[in-house]
Amino acid sequence: MWVESIDLLLEKLQSQEFPFFKVKVISGAGQQHGSVYWSTTSQSTLNLLNSSYSLATQLKSNKVFAITNSPTWQDSSTSLQCQNLEKLIGGPDVLARISGSKGFERFTGNQISKICLQSPSQYLQTSRISLVSSFLASIFLGDFAPIDIADGSGMNLLDINTKNWDDRLLDICGKYSTHAYENDVKFGEELKAKLGVPESDGLKILGNISDYFVKRYGFSSDCKIIPFTGDNPATLLSLQLSPGDVVISLGTSDTVLCYTTNPHPTLESHTLCHPINKDLYISMLCYKNGSLTREYIRDLYYNNSKQNNEKDSDSAKWKWFNEILAVSSPDPKKYGFYFVHQEIIPFAKGIYRFFNKHMADDFKDMPESNIRIVVESQFMSMKLRVDKLLSDDRNVNKEVELVKKVLVVGGASKNNEILQVLADVFGVQVWRFNATNSASLGAAIKARLAFSKFMNNYRSDFNINDLSENGNELVAQPRQENTAIYKYMMKDYLELEQIVIGL
Ligand code: ADP
């Protein structure tokens, strides 16, 4: 399917007379964690693609895939492999310290481990394992392309400190038989050979485009291929962050991203190598209870309110929600924790409300207070974690304001009342990022930077606005009086959160 979609995309561009010959450098973004298993016939097929046929036809007839159904990020069937990996390496914290994350089902190392155990013969027929990003790059290069270290940070195999594979993790994930060794070869060494050397230079020219694309579509034979990266690092690249910028994605679940100069892995976060800057790391906090939980609380109190009708439209419900946010203000007597789904940050489940620091069933004086409190509680949790991360990274006192501005993306980022609470809690301006297809844009920026570097004209201050009209839009300024109240509330919030975690 992925190969067919490349054929389709290029054919469509061709029918629109896209000027392929003008393309100087190609990069790309692939969904993170997914993996592709190339067979022993694949490299020679890639080297000798025949421009008279589609990619799908010849890759299929030459049986280039040892495993036809690639595991993707949505697979969560590897809990046993995660537990095993954590146990054998010395615990989830040790795994996080090495690879940037504790064991996660979708992470490629655990997917490989499952294949080793359940389909050892297919594993042995695999000559190379690619991520989705390096698979795509391999097609355009006409040869195996390396795994880039940012995308590779989502595997539970790469040591994010040394930016190379960790031999112990390889040994555990590459084990396909109960013997300590098979054919005198260590499992880890076998897996290392299948993965190839990870590429730490995200702007490296890997080579010229395969002749196939020159002949079939009219690309210039001089067009360069650089490492492709994962969709998450590419999205981050598209935002063109400065130090102190924090990105918050308000999607179905909420994600917080920021840059650090050293890795600070925790059990609650993911730490990734930066896709182009060797001196930076990306810290990523993923909250399960994001928009869906805000929506749940909205509906709960909307439906309880006599003047409302359950069948009203979504926009009528958000309007009601926003009116409450607009007329209410932070109340240091009231705190709430809304973990409708099992939360990982912190590890807790359930809904808990506190009035004057005592647990309460609800805010009897005004049940609608839950609307403001669910939003501020989510943002206070983010602020606490981001402040800790950045102060640890810079080795400075937490009192120093390290967050300079917040950038928002995702479904709820169109809601300015929610963003006002965000600005108030963080005490900084909130900007909305308006560009669409941000993963593709990040990949395009990467290609553009590689081209500048290749032409000895590299600009690290390269600005996305040079390329795109869709820049960032200032959407909320902090209100100092509210920021002061939230700052005061943080201590009690942390204390009450500890009580909730212990329940
Ligand atoms: P995903 O994370 O699945 O890509 P989106 O980024 O599109 O999803 O976000 C979807 C979420 O955005 C929905 O769950 C919805 O609750 C939320 N959302 C949509 N419109 C609004 C709005 N006006 N105010 C607040 N939240 C909204």
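Just so you know, ligand 1 is whichever comes first in the structure, and atom 1 is the first atom listed for that ligand. For clarity, every value in this text was computed on a predicted model and none was experimentally measured.
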Open item on the list: Can you see whether Ser291 engages Arg294 through a side-chain donor-acceptor pair at a distance of less than 3.5 angstrom?
Closed with: yes

- [ ] Would you check if there is a donor-acceptor pair between the side chains of His274 and Tyr281 at a distance under 3.5 Å?
- [x] no

Which of the atoms in ligand 1, numbered in the order shown and given with their element, are less than 4.0 Å from a heavy-atom of [X]?
| X | value |
| --- | --- |
| Thr252 | 1 (P), 2 (O), 3 (O), 8 (O), 9 (O) |
| Lys414 | 19 (C), 20 (N) |
| Gly410 | 6 (O) |
| Asn415 | 24 (N), 25 (C) |

Open item on the list: Yes or no, since that's all I need: does a protein heavy atom fall within a distance strictly under 4.0 Å of atom 4 (O) of ligand 1?
Closed with: no

TODO: For atom 26 (N) of ligand 1, grab the closest protein heavy atom and report residue, atom and distance to one decimal in Å.
DONE: Trp318 CZ2, 3.2 Å

TODO: Give a yes or no on whether a salt bridge exists between Lys349 and Glu343, defined as a side-chain N under 4.0 angstrom from a carboxylate O.
DONE: no

Open item on the list: What I want to find out is whether Asp361 reaches Arg353 closely enough, with some N-O distance under 4.0 Å, to be called a salt bridge.
Closed with: no

- [ ] Scan Leu474, Leu419, Leu407, Val409 and name whichever one has a side-chain contact (heavy atoms from CB on, under 4.5 Å) with Arg432.
- [x] Leu419

- [ ] Counting heavy atoms only, name the option from Gly411, Ser291, Ser253 that's nearest to atom 19 (C) of ligand 1.
- [x] Gly411

Task: Option whose closest heavy atom lies nearest to atom 14 (O) of ligand 1, chosen from Arg294, Arg298, Glu295 - done: Glu295

Open item on the list: So for ligand 1, is Gly251 a polar contact partner (N or O within less than 3.5 Å, distance only)?
Closed with: no

- [ ] Classify the ring geometry between Phe339 and Phe337 as parallel (under 30°), tilted (30 to 60°) or perpendicular (over 60°).
- [x] tilted

Task: Whether Tyr335 and Tyr493 hold their rings parallel, tilted or perpendicular, with breakpoints at 30° and 60° - done: tilted

